[in-house]
Amino acid sequence: MSKGNSTKITDELYRYMLDHNPPLDDVQRGLVAKTYATFPDVAGMQSAEEQGPLLAFLVRLTGARLIVEVGTFTGFSALSMAQALPADGRLIACDVSEEWTAYGKEAWEEAGVADRIDLRIAPALETLRAMPAEPHIDMAYVDADKESQISYWEELVPRLRPGGLIVTDNTLYHGTVLDESATGSAAGVRAFNDHVAADPRMDSVLLAISDGLTLSRKR
């Protein structure tokens with residue numbers, strides 16, 4: 001097996017990368033800082049800083065007008081995507097925590113995109129199953145409980161328009177995907193990765209971005 005380029009991402013190189021990507025605006029940076037200050041024990045659930053500009057780029061690249069987010073936490077990723085939507089675009093944000101998403105709602109208001117975000121506090125599978133069954137979603141971002149990822153996938157794929165995109169976070173799951181005896185979330189991610197790779201409806205690539213990011217395009 002040829003590994004190819006094996007550049008080590010040091011702290012200095014990571015900062016260099018961020019410095020050469022679109023910078024976070026004041027609202028985004030404030031939300032990131034508030035998340036780490038308020039929820040230090042679970043702040044790692046927030047999408048990585050470089051993923052905000054990437055998600056916005058993908059929204060613009062696909063021309064998305066309807067996005068579904070599964071797992072919103074404090075709202076950084078939803079904010080980044082909503083800012084890239086056209087004025088009449090819409091993002092349906094699925095989460096179960098009013099406490100966490102309250103911070104997102106405040107930031108969305110401050111950024112002037114609250115009218116683009118439809119926050120639905122309920123189990124995500126209930127929200128997805130209540131959506132129209134026909135293909136109508138342009139893009140989805142999945143960053144929620146890992147043991148339900150295949151179920152989310154199976155609800156999203158039929159509702160995704162041809163050429164639509166699903167972005168799934170944490171698909172390397174801190175390297176635990178290598179453990180064949182993994183349990184819990186790690187086992188869920190392993191099963192999900194195998195499921196996605198074998199799905200003939202989608203073209204998918206798993207990338208070593210942050211904790212692993214899989215991009216899947218509907219054929």
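Only a predicted model underlies this, so the values are computations on that prediction, with no experimental measurement involved.
In this structure a side-chain-to-backbone donor-acceptor pair under 3.5 Å is present from W108 to G75. A donor-acceptor contact shorter than 3.5 Å links the side chain of K218 to the backbone of L160. At least one donor-acceptor pair under 3.5 Å links the side chain of R159 to the backbone N or O of L128. Checked by atom type and distance alone, the side chain of T38 never pairs as donor or acceptor with a backbone atom of T35 at under 3.5 Å. One N or O on the side chain of R116 and one on the backbone of A82 form a donor-acceptor pair closer than 3.5 Å. The closest donor-acceptor contact from the side chain of D138 to the backbone of L66 lies under 3.5 Å. Between the side chain of R219 and the backbone N or O of P200 there is at least one donor-acceptor pair closer than 3.5 Å. Of the possible polar contacts, one joining the H20 side chain to the Y16 backbone as a donor-acceptor pair under 3.5 Å is found.
Taking 4.5 Å as the limit, some side-chain heavy atom of V196 sits within range of a side-chain heavy atom of T214. Between R201 and P158, some side-chain heavy-atom pair lies under the 4.5 Å cut-off. With contacts defined as side-chain heavy-atom distances shorter than 4.5 Å, the pair R90/I92 qualifies.
One finds the CZ atom of R60 at 9.5 Å from the CG atom of L85 (value rounded to the nearest 0.5 Å). Going from atom CD1 of I166 over to atom CG of L156 covers 5.0 Å, rounded to the nearest 0.5 Å. To the nearest 0.5 angstrom, N193 atom CG is 5.5 Å from T171 atom OG1. Rounded to the nearest 0.5 angstrom, D211 CG and I209 CD1 are separated by 12.0 Å. In this structure, S216 OG and D203 CG are separated by 9.0 Å, a value rounded to the nearest 0.5 Å. Of the inter-residue distances, the one linking L91 atom CG with L79 atom CG reads 10.0 Å to the nearest 0.5 angstrom.
With M81 as the fixed residue, the side chain to side chain contact (heavy atoms under 4.5 Å, CB included) test singles out one of I117, V59, L58: V59.
Hydrophobic clustering, with ILVMFWY side chains joined whenever heavy atoms are under 4.5 angstrom apart, groups V32 together with W100. Following chains of ILVMFWY side-chain contacts shorter than 4.5 Å, one can reach W153 starting from L125, so the two form part of one hydrophobic cluster. Note: the hydrophobic cluster containing Y103 also contains M45 (ILVMFWY, side chain heavy atoms under 4.5 Å, direct or indirect links). The same ILVMFWY cluster, assembled from side-chain heavy atoms under 4.5 Å apart, contains both V113 and L55. One hydrophobic cluster holds both L119 and F76 under the rule that ILVMFWY side chains link at heavy-atom gaps under 4.5 Å.
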Margin query: Run T74 and T101 through side-chain contact (heavy atoms from CB on, under 4.5 Å) and show every step you take.
Written below: CA-CA 5 Å; T74 58; T101 56; over 6 Å; no
Note to self: Would L13 and T7 count as a side-chain contact (heavy atoms from CB on, under 4.5 Å) here? Give the steps.
What the structure shows: CA-CA 10 Å; L13 191 57; T7 302; 3.4 Å; yes
Notebook entry, point to check: For Q51 and Y141, what are the C-alpha separation, side-chain angles and deciding distance, and is it a side-chain contact (heavy atoms from CB on, under 4.5 Å)?
Noted result: CA-CA 11 Å; Q51 288 176 251; Y141 180 51; 3.3 Å; yes
Checklist line | side-chain contact (heavy atoms from CB on, under 4.5 Å) between M131 and I137, worked out | finding: CA-CA 10 Å; M131 292 179 183; I137 297 169; 4.2 Å; yes
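Taking every heavy atom of both residues into account, K146 and S185 meet most closely at CB-O, 3.6 Å. Closest approach of S210 and A48 over heavy atoms only: OG-CB, 3.4 Å. The heavy-atom pair separating T72 from A93 by the smallest distance is OG1-CB, 3.3 Å. Between A64 and I67 the shortest heavy-atom distance is CB-CG1, 4.1 Å. Nearest heavy atom pair, residue S47 against residue D143, reads OG-OD2, 3.6 Å. Nearest heavy atom pair, residue L24 against residue R29, reads CB-NH2, 3.6 Å.
In this structure R190 satisfies the side chain to side chain contact (heavy atoms under 4.5 Å, CB included) test together with V177, E180, A182, sequence neighbours excluded.
Looking at E154 and S151, their side chains never bring a donor and an acceptor atom within 3.5 Å of each other. D179 and S181 share a side-chain donor-acceptor pair at under 3.5 Å. With hydrogens and angles left out, the side-chain atoms of E50 and Y14 include a donor and acceptor closer than 3.5 Å. Q28 and Q83 share a side-chain donor-acceptor pair at under 3.5 Å. Side-chain atoms of Q149 and T168 include no donor-acceptor pair closer than 3.5 Å.
Classified by interplanar angle (parallel below 30°, tilted 30° to 60°, perpendicular above 60°), the ring pair F73/F39 is tilted.
Counting non-hydrogen atoms of neighbouring residues, nucleotides and ligands closer than 6.0 angstrom, the CG atom of D19 exceeds 12 such neighbours. Residue-environment remark: CD (E98) stays at or below the threshold of 12 foreign heavy atoms within 6.0 Å.
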